[in-house]
Amino acid sequence: MSQELTILIITAASIGFFHTLIGPDHYIPFIVIAKARKWSLMKTMWITFLCGIGHIGSSVILGMLGIALGIAVTKLEVVESFRGNLAAWALIAFGLVYFVWGLRRSLRNKPHKHVHFHADGDEHLHEHIHTKDHTHIHNTENNVNITPWVLFTIFVFGPCEPLIPILMYPAAKSSVFGLLIVTCVFGGVTIMTMLGIVAISSMGINFLPFERMERYSHALAGAVIFLCGIAIQFLGL
């Protein structure tokens, strides 16, 4: 292994870690959606992993095609920039729609209480969700939803900006082996960092007192994702 390749591998690991750490879009959507939808830690990690694969894989495929076809790196950077804008706006739109849906849901399903009196003199409070027909709403969180697929689609469009120009093209000048190992190191560190942050944050957030705000959990998740998209698009995070 040449010295240049060794430097590229170390650089790939470093960039993969810090690129993920300073990019809130790599982990915040999973943390807030998992909390709102009451996903298990295993489900959260699995969805995060798949989205990470899609995120890395799309840039890897584009980079491989560019190298194979001899496309100038500057042209690929234009494509990656377009994909980045598209992913950021998709995150903004998804967060806004999810916020509106969550707010509407919280207002429609406002719980209220009645005191029930029994013939033997006992009484108890009965809390239920207010609807037009005054019926009880059962938990539907286990129903199939498209949220994971929306996240996956957004992450597929989201580029790994430093991967192609800084790592893949220089590694390809060394050898095919160098290209593969540098790409794998970057992808592996990126996904492991995503999983680590999501796991630690998801476990930590459970200790916070969210009981009073639970009804607004979906609206809060949408707002956080929306702000995350705004930060990515306009602050360059």
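Bear in mind the structure is a predicted one, so any value in this text is a computation, not a measurement.
With hydrogens and angles ignored, the 3.5 Å screen pairs a side-chain donor or acceptor of Ser106 with a backbone N or O of Leu103. Side chain of Tyr27 to main chain of Leu21: a donor-acceptor pair is present (N/O by atom type, distance under 3.5 Å, no hydrogens or angles). His55 places no side-chain N or O within donor-acceptor distance of the main-chain N or O of Cys160, the cut-off being under 3.5 Å.
In this structure, Trp149 and Phe152 have perpendicular ring planes: the angle between them is above 60°, well past the 30° mark. Ring geometry for Phe186 versus His19: interplanar angle of 30 to 60°, hence tilted.
In this structure, Pro24 and Ile232 have side chains that are in contact, with non-hydrogen atoms separated by less than 4.5 Å. In this structure the side chain of Ile47 never reaches within 4.5 angstrom of the side chain of Thr147, judged on heavy atoms. Contact check for Ser59 versus Leu62: no side-chain heavy atoms found under the 4.5 Å cut-off. A heavy-atom distance below 4.5 Å is not found between the side chains of Phe18 and Pro162. For the pair Arg37/His218, a side-chain contact is recorded, criterion being any heavy-atom separation below 4.5 Å from C-beta on. Within the 4.5 Å cutoff, side-chain heavy atoms of Arg105 are placed close to those of Trp101. The side-chain heavy atoms of Val150 and Tyr98, taken from C-beta on, include no pair separated by under 4.5 Å. The closest side-chain heavy-atom distance from Leu179 to Met64 is below 4.5 Å.
Val224 meets the side chain to side chain contact (heavy atoms under 4.5 Å, CB included) test with Ile28, Val32; sequence neighbours excluded.
There is a path of hydrophobic side-chain contacts, each under 4.5 Å, that joins Phe177 to Val185. Connection of Met203 to Val198 is established within a shared hydrophobic cluster, with ILVMFWY side chains joined at heavy-atom distances below 4.5 Å, either directly or through further cluster members. Linking ILVMFWY residues whenever their side-chain heavy atoms come closer than 4.5 Å, directly or via other members, places Ile71 and Ile164 in the same cluster.
In the displayed structure, Phe49 atom CZ is contacted under 6.0 Å by at most 12 heavy atoms of other residues, nucleotides or ligands.
Taking CE of Met168 as the start and CG of Leu180 as the end, the distance is 8.5 Å to the nearest 0.5 Å.
Residue Leu65 belongs to a hydrophobic cluster whose other members are Ile61, with links defined by side-chain heavy atoms closer than 4.5 Å.
Screening Phe234, Phe157, Phe94, Phe226 for a ring pair (Phe, Tyr, Trp, His ring centres under 6.0 Å) involving Trp89 leaves a single residue, Phe234.
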